[in-house]
Amino acid sequence: MSVGPVPDVAVTGGPRGITAHLEDLHRQADVLDALADELETALERLVRAEFDATVLAVVLAPTTGVALEAATAEFLTRAVGADVRLRGIALALRASADAYRAADELLAVSFDALVSTASAVAGHAIRFGLLQGGTVVLVAGTALLVGGTLLVWSGARAAGVPEVIEGVTGIAVDEVAQQGADRVLTALGDGAAEFARQAGAHSGPTGTVLEHVLPGFVSGFAGIPVAFQLFPPDGGLIPHDSQTLTGLLLLVGGRAGLFGDQPLARPHGYHRDLDVVVEEQSTHAVDPRTGGPVPLRAPGSVAQLWEREWEQSAGRDNGTVRVEQIEGEDGSVRHIVYIPATTSQSMRAGAETTDNTTNVETAAGHESAQHVIVREAIEAAGIGPDEEVMLVGYSQGGLVAGSLAADPEFRRRVNVTTIFTVGAPVSDFPPADGIDMLSVEHAQDLIPDLDGGRNADASNWTTLEVDLDEAAQRAALARRGMPQADIDRLLAGPTAAHAGALYDSTIRGLDRSADPALRAWQRRNQRFFDGRVTGLRSAEGTRR
């Protein structure tokens with residue numbers, strides 16, 4: 001069996017993250033307060049008993065009664081001091097945690113206001129400059145020059161000038177022109193590819209630009225007052241972050257014929273022109289040694305969980321949703337829902353539902369076709385409202401998984417307790433309380449940065465950011481039998497770090513090296529990794 005490289009991993013969040021430590025401070029403060037409550041109750045009872053004993057001692061033995069009273073007073077003084085100290089320590093612990101959170105939030109808000117305002121001012125300045133006469137003349141002159149050149153060239157072609165030049169000089173004018181155009185397009189393409197590579201390699205600045213700089217600039221360029229950046233209306237179309245900017249892109253693109261029909265007010269059942277087919281699959285696999293059927297088991301590891309997820313979109317024209325019903329060793333029934341990645345890069349809403357229309361709709365916080373397919377697959381599988389569900393998704397699948405789990409209505413119907421995402425932009429959809437989420441991302445992968453944010457440091461959300469080692473990845477791909485030319489082609493792409501083949505090597509490497517954070521997440525959710533598959537369905541949707 002092939003294995004992946006041992007990755008260099010940065011861990012954010014989870015039970016050992018900063019937020020978890022702050023929550024621990026609050027829990028320790030609660031324990032101290034509970035101890036103080038018990039101490040105060042005991043002291044109250046002691047004071048009542050001591051009063052009766054002192055009265056009796058004073059009556060029967062005055063000297064002993066006075067000594068008893070003095071000793072009791074000293075004890076009570078010390079006990080009250082201990083109670084005050086317990087309360088004080090608890091208060092200090094809470095204050096420290098709250099002060100850290102407040103300072104962190106203030107820093108984030110201040111940074112957002114500063115960068116968004118500065119970029120909005122820049123947008124206003126550029127818009128103002130473009131509206132000036134000199135600039136307008138320059139732009140108009142350039143347009144006339146280009147238009148005139150095209151008009152002259154069109155007339156020359158009609159008159160047969162290129163053929164005359166070729167006959168006299170031997171120069172194929174059309175071929176030279178085409179080569180020149182190809183070189184220009186190649187240069188532009190190479191520049192875009194290099195830009196994408198650099199954006200992925202510097203994920204921090206890229207996220208800042210997408211989340212703060214770009215929305216503010218767009219607002220300023222559109223002439224929206226800066227105050228709207230500081231106080232954005234809820235649910236409005238004023239670009240203030242990557243999600244609202246994506247919503248604006250969705251609306252404008254819809255008017256331009258992209259992403260299908262995108263009404264401002266999306267009615268219930270928007271995806272009514274969607275056909276969903278759910279098929280029941282065999283719960284047996286083929287034994288490679290005998291060729292006979294063997295019962296399908298639950299995924300025994302995170303690597304096997306990933307393998308089943310990747311199968312839902314690798315090499316497919318349209319991804320499929322897979323729903324596994326697992327009967328655990330404890331007799332309980334649980335379910336794993338695998339949601340596919342993007343399979344079509346089309347910007348127009350075609351038949352395939354795992355396309356960029358679904359990406360943009362989901363990222364903007366809207367209902368997408370994949371939301372509908374997952375819901376119908378869950379209904380067809382007969383998943384009960386109390387049965388635990390794990391959502392698994394790579395790329396678009398992770399985005400859909402995170403957005404569904406962030407929907408309170410969906411959680412009321414589906415008992416999501418666990419999420420696993422790979423290479424997905426999910427920072428806008430943090431897991432709700434009671435959901436244990438694991439996200440694996442490549443540090444050089446641009447796709448998880450497209451939402452402009454970084455995954456929150458939450459106690460129930462562990463993020464493993466893996467720094468790609470190209471030499472180790474090459475070796476892992478070669479061990480799996482990939483030809484060297486294919487490896488070169490894969491790694492040369494601007495979004496190579498997002499490739500499923502590389503994530504496959506990474507996750508195998510994390511599993512093989514027994515990465516502590518990965519193994520801790522699996523142990524916490526081991527109930528999904530034990531038992532046998534007693535039900536299996538696949539669901540695929542197509543737009544009409």
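Computed over heavy atoms, backbone and side chain alike; hydrogens, waters and symmetry mates excluded.
Nearest heavy atoms, R543 versus A369: NH2-CB, 4.2 Å. The two residues I419 and A405 make their nearest non-hydrogen contact at CD1-CB, 3.4 Å. Summarising the geometry of V278 relative to A539, their closest heavy-atom pair is CG2-CB, 3.9 Å, with the distance given to 0.1 Å. V321 and A377 make their closest contact through CG1-CB, 4.1 Å (heavy atoms, listed as atom of the first residue, atom of the second, distance). Between A298 and F529, the shortest heavy-atom distance links the atoms CB-C, 3.9 Å. Residues S505 and A476 come closest through the heavy atom pair OG-CB, 3.6 Å.
In summary, the side chains of E540 and T353 do not present any donor paired with an acceptor at a separation below 3.5 Å, with no hydrogens or angles considered. Counting only N and O atoms by type, the side chains of D488 and Q484 include a donor and acceptor under 3.5 Å apart. Between the side chains of D355 and S346, no donor N or O sits under 3.5 Å from an acceptor N or O. With 3.5 Å as the limit, one finds no donor-acceptor pair spanning the side chains of E311 and Y338. Under the 3.5 Å distance criterion, with hydrogens and angles disregarded, a donor-acceptor pair is assigned to the side chains of N318 and T354. Checking Q325 against T534 by side-chain atom types alone, a donor-acceptor pair falls below 3.5 Å. With 3.5 Å as the limit, one finds no donor-acceptor pair spanning the side chains of N356 and Q396.
Using a 4.5 Å heavy-atom cutoff, the side chains of T283 and R532 are not in contact. Using a 4.5 Å heavy-atom threshold, the side chains of L502 and L491 count as touching. For the pair R454/E465, a side-chain contact is recorded, criterion being any heavy-atom separation below 4.5 Å from C-beta on. Under the 4.5 Å side-chain criterion, counting only non-hydrogen atoms from C-beta, I383 is in contact with V323. The shortest side-chain heavy-atom distance between D8 and D469 does not fall under the 4.5 Å cut-off. At a threshold of 4.5 Å between non-hydrogen side-chain atoms, the residues P299 and I326 count as touching. Side-chain atoms of V416 and M390, non-hydrogen and from C-beta on, never get closer than 4.5 Å to each other. A 4.5 Å side-chain heavy-atom check between V466 and H442 finds at least one atom pair inside the cut-off.
Using cut-offs of 30° and 60° for the angle between ring planes, the Y503 and W306 rings count as tilted.
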**Prompt:** Going through the checks in order, is the side chain to side chain contact (heavy atoms under 4.5 Å, CB included) test met by L510 and V440?
**Reply:** CA-CA 10 Å; L510 289 169; V440 176; 4.2 Å; yes
**Request:** Tell me, with the steps shown, if R544 and D275 meet side chain to side chain contact (heavy atoms under 4.5 Å, CB included).
**Result:** CA-CA 7 Å; R544 290 198 291 270; D275 293 323; 2.3 Å; yes
**Asked** Going through the distances and angles, do I378 and V337 end up as a side chain to side chain contact (heavy atoms under 4.5 Å, CB included)?
**Response** CA-CA 8 Å; I378 287 174; V337 180; 4.3 Å; yes
**Request:** Just do the side chain to side chain contact (heavy atoms under 4.5 Å, CB included) check on L536 and E324 with the steps written out, would you?
**Result:** CA-CA 5 Å; L536 179 60; E324 290 180 348; 3.7 Å; yes
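Salt-bridge check for D486 with R489: passed, with a basic side-chain N closer than 4.0 Å to an acidic carboxylate O. With salt bridges taken as basic N to acidic carboxylate O contacts below 4.0 Å, one links E329 and R297. A salt bridge does not link E379 with R375: none of the charged nitrogens is closer than 4.0 Å to a carboxylate oxygen.
Rounding to the nearest 0.5 Å gives a distance of 8.5 Å between OH of Y394 and OG1 of T342. Here CD of Q444 is found 12.0 Å from CD of E441. Values are rounded to the nearest 0.5 Å. Rounding to the nearest 0.5 Å gives a distance of 10.5 Å between CG of L464 and OG1 of T506. Interatomic distance, T417 OG1 to N525 CG, rounded to the nearest 0.5 Å: 6.5 Å. E279 CD to R537 CZ: the interatomic distance, rounded to the nearest 0.5 Å, is 11.5 Å. Remark: I435 CD1 to W461 CH2 distance equals 11.5 Å, nearest 0.5 Å.
For D317, the CG atom is loosely surrounded, since the number of other residues' heavy atoms within 6.0 Å does not exceed 12. Other residues, nucleotides and ligands contribute only 12 or fewer heavy atoms inside 6.0 Å of the CD atom of E409. Enclosure of atom CG in D433 is not indicated, since only 12 or fewer non-hydrogen atoms of other residues, nucleotides or ligands lie within 6.0 angstrom.
Remark: the backbone N or O of V276 is not paired with any side-chain donor or acceptor of E376 at under 3.5 angstrom. Looking at D436, its side chain never comes within 3.5 Å of a backbone N or O of T418 through a donor-acceptor pair. The closest donor-acceptor contact from the side chain of Q522 to the backbone of L518 lies at 3.5 Å or more, if one exists at all. The main-chain N or O of R474 is never found under 3.5 Å from a side-chain atom of R479 such that the two would form a donor-acceptor pair. For the pair D467 (side chain) and A443 (backbone), a donor-acceptor distance under 3.5 Å is absent. Side chain of S439 to main chain of T463: no donor-acceptor pair is present (N/O by atom type, distance under 3.5 Å, no hydrogens or angles). The closest donor-acceptor contact from the side chain of D451 to the backbone of V426 lies under 3.5 Å.
Less than 6.0 angstrom separates the ring centroid of F420 from the ring centroid of W521.
T362 pairs with exactly one of Q370, H371, E367 by the side chain to side chain contact (heavy atoms under 4.5 Å, CB included) rule, that one being H371.
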